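Shown next, in structure tokens, is the structure this report addresses.
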Amino acid sequence: MNTKPMMTCPRDEQTEHWVYLLDDPTNERVKIGYSSTPCTRIAFLSGQHPEIDLANSVMIETDLRQLEYIVQNTFDAFRLPRTKIRDGETEWFDRSIRHAALELALHIGRLRGKEYPVHQDLNSFAAAGRQQKAARVAGRACGGQRSTWRSAAEQQAELAEVATDCAEVFVQILSERRVDALVTDGTRWAIARTFQRENEPEMWTDEFFAWTRWANRLGLAAHVTSRSRPGDGRSFYGVTGTRVERHEHVGTEYNHLHDAWQAWAAGDEASAETRFFAPVAEALADLPVLRVQPGAVPFDTRPVTGLQ
């Protein structure tokens, strides 16, 4: 593992993408998230959640914005229920996966020909973030202003353009596999497909985690985010998770769509959400719809079956 010593957060830091794993041994959980401003984010989260053990938490430098999504999506069956309606409350996972999640992130880096640096003990990140916040507050008090600014309309227009491109890629990837049906419990939706071990042996091996695998590429295409400012808070996920049921020779994969996908597909043609979901809805229009009871597969919370 390529570890780095404790650091500050200089203004000329070249790394734009950071994925963190925050250990909470008190509540037996781990938070997996992303930030383009790691120090301020860790300072904020450690203040919101004082039970986080920063000394045993890690920060990963990466060249891939979607790394957070791939890791979260892979371990979606271990995601803990939301406890409060606030920022990041869907990012908590069972603590048992923290080492596997880190190894997966590093494995993805190696597949990309990279050795992602890992920062251990995030106390220095939090301290630097608090200093940065104090400096910003002082700057505003003295009349300081941001040097760059874009209107909400400009940001939304850019995101709509990105959404159109993402939808085209998503539909193309979707067509690479035969999908069987749409499954719903009346609120949640998933795209279902069956697969054979003889045709897709990677579904039973570590290659399941590879970003090149069909469902992982589908999930990446469904992440609509600003090209110029990926951390501006306006991004959205078209696919919110994947559940896989494996047996000896056959399996079923469910790719969960955003709960609002149908409403967005029929929405304002200028919005990014509609630009993405309208073509997706058209591609899915001929699929049969299977209705299940709330809490039934694929919307239950049982752990997924193992790879082997």
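Nothing here was measured: the structure is a model prediction, and the numbers come from that model.
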Side chains of [X] and [Y], heavy atoms from C-beta outward: is any pair under 4.5 Å?
{"X": "Ile52", "Y": "Ser57", "result": "yes"}
{"X": "Trp18", "Y": "Ile60", "result": "no"}
{"X": "Val162", "Y": "Cys166", "result": "yes"}
{"X": "Asp165", "Y": "Val169", "result": "no"}
{"X": "Met203", "Y": "Glu253", "result": "yes"}
{"X": "Asp121", "Y": "Asn56", "result": "no"}
{"X": "Asp63", "Y": "His17", "result": "no"}
{"X": "Val297", "Y": "Val183", "result": "no"}

Working to the nearest 0.5 Å, report the span between [atom1] of [X] and [atom2] of [Y].
{"X": "Leu284", "Y": "Leu174", "atom1": "CG", "atom2": "CG", "value": "5.5 Å"}
{"X": "Gln156", "Y": "Asp268", "atom1": "CD", "atom2": "CG", "value": "9.0 Å"}
{"X": "Ile42", "Y": "Ser35", "atom1": "CD1", "atom2": "OG", "value": "7.5 Å"}
{"X": "Asp185", "Y": "Leu290", "atom1": "CG", "atom2": "CG", "value": "12.5 Å"}
{"X": "Ile108", "Y": "Glu103", "atom1": "CD1", "atom2": "CD", "value": "11.5 Å"}
{"X": "Arg79", "Y": "Phe75", "atom1": "CZ", "atom2": "CZ", "value": "12.0 Å"}

At their closest point, which heavy atom of [X] faces which heavy atom of [Y], and how far apart are they?
{"X": "Pro38", "Y": "Met59", "result": "CB-CE, 3.6 Å"}
{"X": "Val19", "Y": "Glu68", "result": "CG2-N, 3.8 Å"}
{"X": "Arg275", "Y": "Ala163", "result": "CB-CB, 3.9 Å"}
{"X": "Phe277", "Y": "Gly238", "result": "CZ-CA, 3.5 Å"}
{"X": "Arg41", "Y": "Tyr20", "result": "NE-OH, 3.2 Å"}
{"X": "Val179", "Y": "Leu287", "result": "O-CD2, 3.6 Å"}

Looking at [Y], is its backbone amide N or carbonyl O close enough to the side chain of [X] to form a donor-acceptor pair, meaning the two atoms are under 3.5 Å apart?
{"X": "Thr164", "Y": "Ala160", "answer": "yes"}
{"X": "Arg217", "Y": "Thr212", "answer": "yes"}
{"X": "Asn73", "Y": "Thr242", "answer": "yes"}
{"X": "Ser271", "Y": "Thr274", "answer": "yes"}
{"X": "Gln72", "Y": "Ile32", "answer": "yes"}
{"X": "Asn216", "Y": "Ala210", "answer": "yes"}
{"X": "Asp180", "Y": "Thr194", "answer": "yes"}
{"X": "Trp214", "Y": "Ile173", "answer": "yes"}

Give a yes or no on whether a salt bridge exists between [X] and [Y], defined as a side-chain N under 4.0 angstrom from a carboxylate O.
{"X": "Glu200", "Y": "Arg213", "answer": "no"}
{"X": "Arg243", "Y": "Asp300", "answer": "yes"}
{"X": "Asp23", "Y": "Arg95", "answer": "yes"}
{"X": "Glu91", "Y": "Arg29", "answer": "no"}

- Would Val30 and Leu22 count as a side-chain contact (heavy atoms from CB on, under 4.5 Å) if you check the C-alpha gap in whole Å, the side-chain angles of each, and the deciding distance to 0.1 Å? CA-CA 5 Å; Val30 61; Leu22 303 183; 5.6 Å; no

- Item | Distance under 6.0 Å and angle within 45° of ring axis: Arg110 vs Tyr116 | no

- Query: Within 45 degrees of the axis of the six-membered ring of Tyr34 and under 6.0 Å from its centre: does Arg65 put its NZ or CZ there?
  - Reply: yes

- Query: Step by step, would you call Asp76 with Thr240 a side-chain contact (heavy atoms from CB on, under 4.5 Å)?
  - Reply: CA-CA 9 Å; Asp76 188 62; Thr240 59; over 6 Å; no

- Query: Under the criterion ring pair (Phe, Tyr, Trp, His ring centres under 6.0 Å), which of Trp264, Trp189, Phe236 is the partner of His258?
  - Reply: Trp264

Taking the ring centre of each residue, are [X] and [Y] less than 6.0 Å apart?
{"X": "His119", "Y": "Phe125", "result": "yes"}
{"X": "Phe170", "Y": "Phe276", "result": "yes"}
{"X": "His49", "Y": "Trp92", "result": "yes"}

- Item | More than 12 heavy atoms from other groups under 6.0 Å of CD on Glu269 | no

- Query: So does Glu168 have more than 12 non-hydrogen atoms from other groups sitting under 6.0 Å from CD?
  - Reply: no

- Message: Are Val250 and Phe208 linked, directly or through intermediate hydrophobic residues, by side-chain heavy-atom contacts shorter than 4.5 Å (ILVMFWY only)?
- Response: no

- Checking side chain to side chain donor-acceptor pair (under 3.5 Å) for the pair Asp94/Ser96: CA distance, chi angles, key distance, verdict? CA-CA 5 Å; Asp94 189 284; Ser96 65; 2.7 Å; yes

- Item | Tyr237 and Tyr69 aromatic ring geometry - parallel, tilted or perpendicular at 30°/60° bounds | parallel

- May I have the step-by-step check of side-chain contact (heavy atoms from CB on, under 4.5 Å) for Trp261 and Glu273, ending in yes or no? CA-CA 8 Å; Trp261 76 279; Glu273 292 83 359; over 6 Å; no

- Task: Please lay out, stage by stage, how Asp24 and Asp53 fare under the test side-chain contact (heavy atoms from CB on, under 4.5 Å).
- Result: CA-CA 6 Å; Asp24 177 3; Asp53 183 358; over 6 Å; no

- Residues Arg291, Thr184; criterion side chain to side chain donor-acceptor pair (under 3.5 Å); working and verdict: CA-CA 5 Å; Arg291 300 188 180 276; Thr184 181; 4.8 Å; no

